[in-house]
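All heavy atoms count here, side chains included; hydrogens, waters and symmetry mates do not. Reminder, nothing fancy here: chain letters follow the sequence lines and each chain counts from 1.
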Amino acid sequence: MSWEKDFNTLELKWEQRWEETKIFYSSLDNNKPKFYCLVMFPYPSGKIHMGHVRNYVIGDVIASYKRMTGYNVFHPIGWDAFGLPAENAAIKHNIPPEKWTWDNIASMRTQLKRLGISYDWSKEIATCEPEYYKWNQWFFIKMFERNLVYKKKSPVNWCPKCQTVLANEQVHDGLCWRCDSEVLQKELEQWFIKITDYAERLLEGLKYLEGNWPQEVIIMQKNWIGKSVGTEVKFRIENGKFNELTVFTTRADTLFGATFISVAPEHEFSRYVAENNSKVAEYLSHTLNKSLKERKFAKDKTGIFCGYYAINPVNNQKIPIYIADYVLMEYGTGAIMCVPAHDQRDFEFAKKYNLPIKEVIKPVSGETVLPDAAYELDGIMVNSGEFDGLPSSEGRERITEWLSTRNLGNKKINYRLKDWLISRQRYWGTPIPIIYCPRCGTLPVLEKDLPVILPKNVKITGVGESPLKYVPEFVNTKCYNCGSNATRETDTMDTFVDSSWYYARYCDPQNTNLCFDKEITNYWLPVDQYIGGIEHACMHLIYSRFWHKVMYDLGLVSTEEPFTKLLTQGMVTLNGSVMSKSKGNIVEPETIISKYGSDTTRLFILFAAPPQKQLDWNDKGVEGCWRFVNRIYRLVTTVYSSEEKKFPEDDKEYISHRNQLLHTYHKLLKKITQDIEKEYQFNTAIARIMELTNALFSYPYLGDSVSREIIQNLVIILSPFTPHLSEQLWELMGEKYSVRLQPWPKYDPELAKEKVVEIPVQVDGKLKIRITVETGTDEETLKEIVLSNEKIKSVINNKKIFKWVILKDKLVNIVTKSTVELS
RNA sequence: GCCGCGAUGGCGGAACUGGCAGACGCACGGGACUUAAAAUCCCGGAUCCCUUUUAGCGGAUGUGAGGGUUCGACUCCCUCUCGCGGCACCA
């Protein structure tokens, strides 16, 4: 047997052994600190890709290391099994989504097992199982009871290709997150979850994640939530059914400069006006038919005067009301006061439609303001009556107060975050547990009737409304209240619901009475380390933080945040670009594994870049790791093919080499341990392991007791990275299964210390010589040594020494410059 | 436009808290072993200059560009360039 030839057989052998012996199955244990290590679960597309491999390998190293350092580790895996691709496959290949999904799970499970990851497979879940989605429905009902769920007709994002609506988070640059089609705006009645009720807490919670989550993600979420503090101002309207219009502004200090009002085309005021004004009606129909992208990325602003005027409450000025396409219905009140002198957009609009521009803020510096642009910064108020002379910040508060006391306005906080649209007009998802009764109205399904089972054998065409609409056995039901004929809701839930709480279900996946047993989740939760891609920063990672807070409010979990630490791994690319089917530049993990084995693959992925960084795939680099793996195998087999070698204890040469090796080992082990503990720098940890291997190979007494012991520890140290190889070598050394349960070796801090150090000697900051001294040599001795050096003597010559900079064991710098001598 | 991150040899990447830039690996060059190749092992790498010692424990330059602080800067500060990511008519 050799690794080079038989790695495949050997790797499979150990995978089977791990499976049979169930050594990674977890249980509650109060004698050890717990560690919940979670990787973002995969969508069962059928094939794992390099991104998966990277994600799971990083997770496995962390889980393994924690296990070896005395933690009770929980490392589960499962399947995010609902979703559109299953339906698309059904349409294309005429396979039921369920079968397609389960087939994929089966094949991906095999592929995953081939990576040798230390999962607790006994906790495996798939979100498409009724035992799981029943609890999605249960949570939905709980939220319904708490008024956190509502149905409402409003303009929503519609993907024409996926034939379903999308949440705000799932539209990127006006395109569908899944298929990149241009998203349209449609006025539809849909189910929403009131995530905005939690906006402040989601924002607040980010403070606790500071330092443990990547700064990047925290900032992205902050931006996404988009809190802004401002003022709502009521403008009285002359004539008409509406007697006032409320606007939102963050710049109340500019209120005196408002010279017109603009209202979003979707605003009910606009519709009202259109009823009796054909020009306005025409404008509306034209504008409302534009796609989201067309609207949002339009260069030119358009609008139309509606025929009505509003009264500015602070100065009673009569100003025209426009309907304009640059006003967003979904933000603030859908109406804005326009101050062209101090807002560039209003400025452009005013120029185009010849509206007055009135300056009310002067820069503090007193400089003149450009005539061809708005002055948008804070300054000093002018032309603002009693508020003249106030700085902007104070003016905002004073004007808001002034309005409040007169009931003309109030302080208001707005968020960019919108309520989560969760209904989908698709089949392969959790049925929304709602019954419509002609007499009793909209009713949540009773808890005892859960789950509402997703019917099988449903025809999926990919067009029209929800496929469930055409399943009478599903749709038709009786009202539990009055017994009348009633119908079921036929939309299903966004699959992001499934992934919002799966980490809690993992703890207690078989529970049929509860979503999970609190006693168990209280032991494991929160997740100590979460690992996944950054693309979920403003999707899954916001939704599940929200969901967790709801579970907290329901008394189901005892912490406010679900994921204590987050690691966002970088992408895996090929020649710098993302691997994708359409580009045809995919490196298949299966191909690589069959060629080099999974240990080599794991090692390369960890070695080529730190986990957070993008990793560019490189076949040559893989070969380097392949060589290293074989080198280790060769080292251990050569040494262990013969008995321990003995050398005389009075051989000075031997003792000196031996001490040197021991020192190198402890020094490197210290670094390896620190590299892993500190930000999971596996690339440098592996580099140190390579150094240690090199040191062993060049040790002249290889095979003595010391080197044998170090080799044993080397095999243990390697086991989180190359578990199969380590098991094989561990067995070969005659040790007891399993190396993966061995304690992580401890370094001796004394031995790790350098006995002698090489110190750079600089003159005026320039390196001149290096001297080797005993560790801890004092300053005086260092000065003596340095001054007696011929080279230094000649460099110093007869220059005056102004200062010595001496850092013990680190550096000597002689300063002959006199730049600071006076001080 | 706003916010954030980054830029180090031919390449991936190292460098503690401001203290020897280039760890480790890849690629490359040379050598050993071999009939040969593969594999393996060993050695060598930035640029320019210097010199009676052509190899030296010699000098200078060098971490995107320019400036600054410091005895000393890949690291801190300012300005700029390029690249990546997020948000974007958010009032």
**Message:** Once side-chain hydrogen bond (donor to acceptor under 3.5 Å, both in side chains) is applied, do any residues pair with A:Gln614, and if so which ones, sequence neighbours excluded?
**Reply:** A:Thr573
**Prompt:** Checking side-chain contact (heavy atoms from CB on, under 4.5 Å) against A:Asp599, which of A:Phe721, A:Phe7, A:Trp3 comes through?
**Reply:** A:Trp3
**Complete:** The side-chain contact (heavy atoms from CB on, under 4.5 Å) partners of A:Cys538 (sequence neighbours excluded) come to A:Met220, A:Trp224
**Message:** Please determine whether a side-chain nitrogen or oxygen atom of A:Arg634 lies at a distance below 4.0 Å from atom OP1 or OP2 of B:rA39.
**Reply:** no
**Message:** I want to check one thing: is the phosphate of B:rA14, taken as OP1 and OP2, less than 4.0 Å away from some side-chain N or O of A:Asn683?
**Reply:** yes
**Asked** Touch check for A:Lys613, heavy atoms < 4.0 angstrom, all strands: base, sugar-phosphate only, or nothing?
**Response** sugar-phosphate
**Prompt:** With sequence neighbours left out, what residues match A:Phe628 under ring-ring contact (aromatic ring centres under 6.0 Å, His included)?
**Reply:** none
**Request:** Sticking with atom C1', work out how far B:rC82 lies from B:rG64, rounded to a whole angstrom.
**Result:** 8 Å
**Prompt:** For B:rA39, does either OP1 or OP2 sit under 4.0 Å from a side-chain N or O belonging to A:Arg631?
**Reply:** no
**Message:** So for A:Lys803 and B:rC71, does any side-chain atom that can act as donor or acceptor lie under 3.5 Å from a complementary atom in the base?
**Reply:** no
**Asked** With A:Phe269, which residues qualify under ring-ring contact (aromatic ring centres under 6.0 Å, His included), at least two apart?
**Response** A:Phe242
**Request:** Could you encode protein contacts along nucleotides 15-22 of chain B as a string, one character per nucleotide from 5' to 3', using B for base contact, S for sugar-phosphate-only contact and - for no contact, with a heavy-atom cut-off of under 4.0 Å?
**Result:** -B--BB--
**Message:** So A:Val247, base contact, sugar-phosphate only, or nothing? Heavy-atom distance under 4.0 Å.
**Reply:** nothing
**Prompt:** Can you list the stems that RNA chain B is part of, where a stem is at least 3 pairs in a row, each Watson-Crick or G-U, with both distances below 3.5 Å?
**Reply:** B:1-7 with B:81-87, B:10-12 with B:24-26, B:28-32 with B:40-44, B:46-49 with B:58-61, B:64-68 with B:76-80
